[in-house]
J.: 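Pasting a structure below so you can have a look.
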Amino acid sequence: MEYLRLGQSGLKVSRLCLGTMNMGSPAWKPWIFDERQSEPIVRHALEAGVNFIDLADFYSAGIGEVVVGRILKRLVRRDEVVITTKVGYDMASHPNAGGHSRKHIMYGIDASLQRLDMDYVDIYMLHFFDVNTPVEETMCALNDVVQAGKARYLGVSTMYTWQFAKIMQACEQHHWHKPINMQLQLNVAYREEEREMIPYCLDQGVGVSVFSPLARGLLSGDAQSTRNQTDFFTAQMYGDSCSQRIAASVARVAARRGVSAAQVAQAWVLNRPGVVSMLVGADSAAQFDSALAALETRLDEDELHELERNYTPCDLINDYSAGCRIAREPRPAQGVFRQADT
């Protein structure tokens with residue numbers, strides 16, 4: 001396992017980060033593993049050298065933190081791992097049960113620490129950009145969380161570059177702790193973050209960690225999984241013909257090499273400029289091992305061309321574009337132009 005500093009911080013994290021959205025309670029989603037099923041995966045990742053574990057309060061409505069916290073307590077010393085959890089999505093039905101207000105952040109960190117049975121998390125992360133709360137309120141509260149010793153560092157996830165710039169500017173102006181980690185979606189079928197966000201992170205010394213390297217299973221040939229058959233987000237994000245053509249290219253490169261499509265797609269992500277760590281949400285030890293193999297996989301020029309030749313720009317994937325993204329396919333003409341399009 002290789003370890004890199006996260007941005008300009010002194011924190012060293014493994015290049016593979018164990019994603020835990022699939023651990024908690026199947027009562028939340030049918031594809032979630034319970035504690036007994038999750039423990040072998042966590043153990044395998046730790047034995048492979050992973051020290052970076054990603055969680056969120058929202059996963060399994062809090063049960064994910066409970067389950068993973070108990071497993072980690074049995075398997076590893078607290079100081080040997082880097083634990084991140086996120087705050088923001090609604091955890092109940094009352095008006096202040098979500099978002100990034102001071103009230104919810106202060107409640108959220110205490111609730112997460114209680115569920116995890118830990119004194120602190122290493123990185124406390126905004127799950128998105130809350131457009132309804134002033135940036136200064138959010139970042140002042142997060143600075144206080146660090147000052148209180150409840151988190152060692154701060155992180156952010158899934159937002160527009162201009163929103164992240166507002167966060168960094170507020171921290172600079174008020175001398176607050178700045179985020180050291182940006183967690184974003186990146187894969188060979190979705191590369192929009194390479195236009196602005198990743199270059200901005202490189203400029204600002206922020207470490208990038210990547211989730212969904214397999215485009216929710218599309219690039220591994222697992223589009224018929226339980227998750228993808230019960231999760232409409234997959235079709236919304238990757239249901240276009242462009243994504244299908246890219247998946248076919250991944251399969252062709254994998255067949256030429258004699259390896260899995262997942263290994264090829266993960267290798268592409270791990271070799272992108274600026275990427276420090278890649279999240280792996282494995283359902284088995286074998287799935288995790290494909291990511292381990294990807295660490296040593298170097299793609300040649302012909303393979304890269306085949307993987308990238310079908311890519312076309314698309315709308316950003318985030319909370320603000322959900323349900324209104326324009327597919328990467330021609331839209332039919334309308335009105336006076338309808339006749340000309342036939």
Side-chain angles (χ1 to χ4, degrees), residues 2 4 6-7 13-19 21 52 54 56 84 86 123 125-129 155-164 179-204 206-220 222 233-234 236-240 242-243 245-247 249-250 253 261-282 290-291 294-295 297-299 303-304 306-322 325 328:
E2 184 182 1
L4 297 178
L6 199 53
V13 297
S14 51
R15 294 223 62 204
L16 299 184
C17 172
L18 181 63
M21 189 177 182
F52 200 11
D54 178 77
T84 179
K86 309 181 200 73
I123 306 174
M125 184 173 289
L126 300 178
H127 217 149
F128 56 90
F129 184 91
V156 293
S157 177
T158 316
M159 58 185 64
Y160 290 115
T161 307
W162 68 264
Q163 293 171 328
F164 189 29
I180 66 164
N181 185 206
M182 162 58 75
Q183 189 179 110
L184 50 78
Q185 186 163 192
L186 179 71
N187 55 65
V188 72
Y190 179 71
R191 302 179 56 185
E192 297 308 301
E193 305 293 357
E194 291 186 308
R195 300 186 190 279
E196 292 190 0
M197 183 60 82
I198 292 178
Y200 179 74
C201 289
L202 285 168
D203 178 74
Q204 296 294 308
V206 176
V208 173
S209 55
V210 170
F211 67 88
S212 201
L214 301 179
R216 306 176 79 87
L218 172 72
L219 302 179
S220 66
D222 196 22
F233 286 116
T234 301
Q236 187 206 75
M237 294 177 183
Y238 298 109
D240 55 89
C242 178
S243 295
R245 290 193 297 270
I246 291 169
S249 288
V250 172
V253 172
Q263 181 178 328
V264 168
Q266 290 165 326
W268 183 90
V269 169
L270 286 164
N271 286 284
R272 301 312 294 168
V275 173
V276 174
S277 188
M278 181 182 74
L279 275 71
V280 182
S290 79
L295 283 169
T297 302
R298 298 294 179 267
L299 302 168
E303 290 170 328
L304 288 171
E306 176 61 26
L307 293 174
E308 297 173 0
R309 66 183 177 87
N310 288 305
Y311 191 82
T312 57
C314 64
D315 288 348
L316 290 176
I317 296 176
N318 56 35
D319 288 4
Y320 326 105
S321 62
R325 295 178 67 246
R328 283 183 284 187

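Treat the numbers as computed from the prediction; the structure is a model and nothing was measured. Nothing fancy with the numbering, it's 1 onward along the sequence.
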J.: Is it true that a side-chain atom of Ser249 and a backbone atom of Leu307 form a donor plus acceptor pair closer than 3.5 Å?
T.: no
J.: Please check if the side chain of Asn181 supplies one atom and the backbone of Gly207 the other of a donor-acceptor pair under 3.5 Å.
T.: yes
J.: Roughly how far, to the nearest 0.5 Å, is OG of Ser157 from CG of Leu126?
T.: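 Reported to 0.5 Å precision, the distance equals 9.0 Å.
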J.: Looking at every heavy atom in both Ala265 and Pro213, which two are closest together, and how far apart are they?
T.: CB-O, 4.1 Å
J.: Find out whether Arg245 and Arg309 are in side-chain contact, i.e. whether some heavy atom of one side chain is under 4.5 Å from a heavy atom of the other.
T.: no
J.: Could you tell me if the side chain of Leu316 sits less than 4.5 Å from the side chain of Tyr190, heavy atoms only?
T.: yes
J.: When rounded to the nearest 0.5 angstrom, what is the spacing between CZ in Phe129 and CE in Met159?
T.: 6.5 Å
J.: State the CE-CG distance between Met237 and Asp315, to the nearest 0.5 angstrom.
T.: 12.5 Å
J.: For Asn318, is there any backbone N or O sitting under 3.5 Å from a side-chain donor or acceptor partner on Thr158?
T.: no
J.: Any chance you could lay out the side-chain contact (heavy atoms from CB on, under 4.5 Å) test for Ser209 and Leu279, step after step, and finish with the verdict?
T.: CA-CA 7 Å; Ser209 55; Leu279 275 71; 4.1 Å; yes
J.: Heavy-atom distance under 4.5 Å between the side chains of Glu192 and Ile317, does that happen here?
T.: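 No - every pair of side-chain heavy atoms lies 4.5 Å or more apart.
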J.: Can any side-chain N or O of Asp319 pair as donor or acceptor with the backbone N or O of Ala322 at less than 3.5 Å?
T.: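 Side chain of Asp319 to backbone of Ala322: no pair is present.
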J.: Kindly indicate, with the supporting measurements, whether the criterion side-chain contact (heavy atoms from CB on, under 4.5 Å) is fulfilled by Glu308 and Arg191.
T.: CA-CA 10 Å; Glu308 297 173 0; Arg191 302 179 56 185; 3.5 Å; yes
J.: Answer yes if the side chains of Trp162 and Glu196 hold a donor-acceptor pair under 3.5 Å, and no otherwise.
T.: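 No, Glu196 and Trp162 have no side-chain donor paired with an acceptor closer than 3.5 Å.
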J.: Quick one: list whatever passes ring pair (Phe, Tyr, Trp, His ring centres under 6.0 Å) with Tyr311, sequence neighbours left out.
T.: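 Scan of Tyr311 (ring pair (Phe, Tyr, Trp, His ring centres under 6.0 Å), adjacent residues dropped) gives none.
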J.: Would a distance-only check, ignoring hydrogens and angles, find a side-chain to backbone donor-acceptor pair under 3.5 Å from Ser212 to Gln185?
T.: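 Checked: no pair found.
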J.: Could you tell me which non-hydrogen atom of Ser290 sits nearest to which non-hydrogen atom of Gln263, and how far apart they are?
T.: O-CG, 3.8 Å
J.: Does a side-chain heavy-atom distance below 4.5 Å link Thr297 with Leu270?
T.: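 In short, these two side chains do not touch, never coming nearer than 4.5 Å.
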J.: Identify the heavy atoms of Leu186 and Val210 that sit nearest to each other, and give their distance.
T.: O-CG1, 3.3 Å
J.: With a 4.5 Å limit on heavy-atom distance, are the side chains of Arg195 and Pro313 in contact?
T.: yes
J.: Val280 and Ala291: which non-hydrogen atoms are nearest, and at how many Å?
T.: CG2-CB, 3.7 Å
J.: Using the test side chain to side chain donor-acceptor pair (under 3.5 Å), find all partners of Ser14 that sit at least two apart in sequence or belong to another chain.
T.: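 Checked Ser14 against side chain to side chain donor-acceptor pair (under 3.5 Å); matches are Asn51.
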J.: Has Glu2 got a side-chain atom pairing as donor or acceptor with Arg15's backbone, closer than 3.5 angstrom?
T.: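 No; zero donor-acceptor contacts below 3.5 Å.
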J.: Could you tell me if the side chain of Ile123 sits less than 4.5 Å from the side chain of Leu6, heavy atoms only?
T.: yes
J.: How far apart are the C-alpha atoms of Val253 and Trp268, what are their side-chain angles, what is the distance that settles it, and do they pass the side-chain contact (heavy atoms from CB on, under 4.5 Å) test?
T.: CA-CA 11 Å; Val253 172; Trp268 183 90; over 6 Å; no
J.: Once rounded to the nearest 0.5 Å, what's the spacing between atom CD of Gln183 and atom OG of Ser277?
T.: 9.0 Å
J.: Would you say that Asn187 contacts Leu218 through its side chain, given a criterion of any heavy-atom pair below 4.5 Å between the two side chains?
T.: no
J.: Applying side-chain contact (heavy atoms from CB on, under 4.5 Å) to Asp54 and Met21, what does each step give before you reach the verdict?
T.: CA-CA 8 Å; Asp54 178 77; Met21 189 177 182; over 6 Å; no
J.: Could you tell me the separation between the CD atom of Glu306 and the CD1 atom of Ile246, rounded to the nearest 0.5 Å?
T.: 10.5 Å
J.: Starting at OG1 of Thr161, measure out to CE of Met182 and round the result to the nearest 0.5 Å.
T.: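 Interatomic distance, Thr161 OG1 to Met182 CE, rounded to 0.5 Å: 7.5 Å.
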J.: Where do Pro199 and Glu193 come nearest, in terms of heavy atoms and distance?
T.: CD-O, 4.1 Å
J.: Quick one: does Phe52's side chain get under 4.5 Å of Val276's, heavy atoms only?
T.: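 They are not in contact (no side-chain heavy atoms under 4.5 Å apart), so the answer is no.
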J.: So which atom in Tyr160 and which in Tyr320 form the shortest heavy-atom distance, rounded to 0.1 Å?
T.: CE1-CD1, 3.7 Å
J.: Check for a donor-acceptor pair, side chain of Arg298 on one end and backbone N or O of Leu295 on the other, with a separation under 3.5 Å.
T.: yes
J.: Going by the rule ring pair (Phe, Tyr, Trp, His ring centres under 6.0 Å), which residues pair with Phe164 if we only count those two or more places apart in sequence or in a different chain?
T.: Tyr200
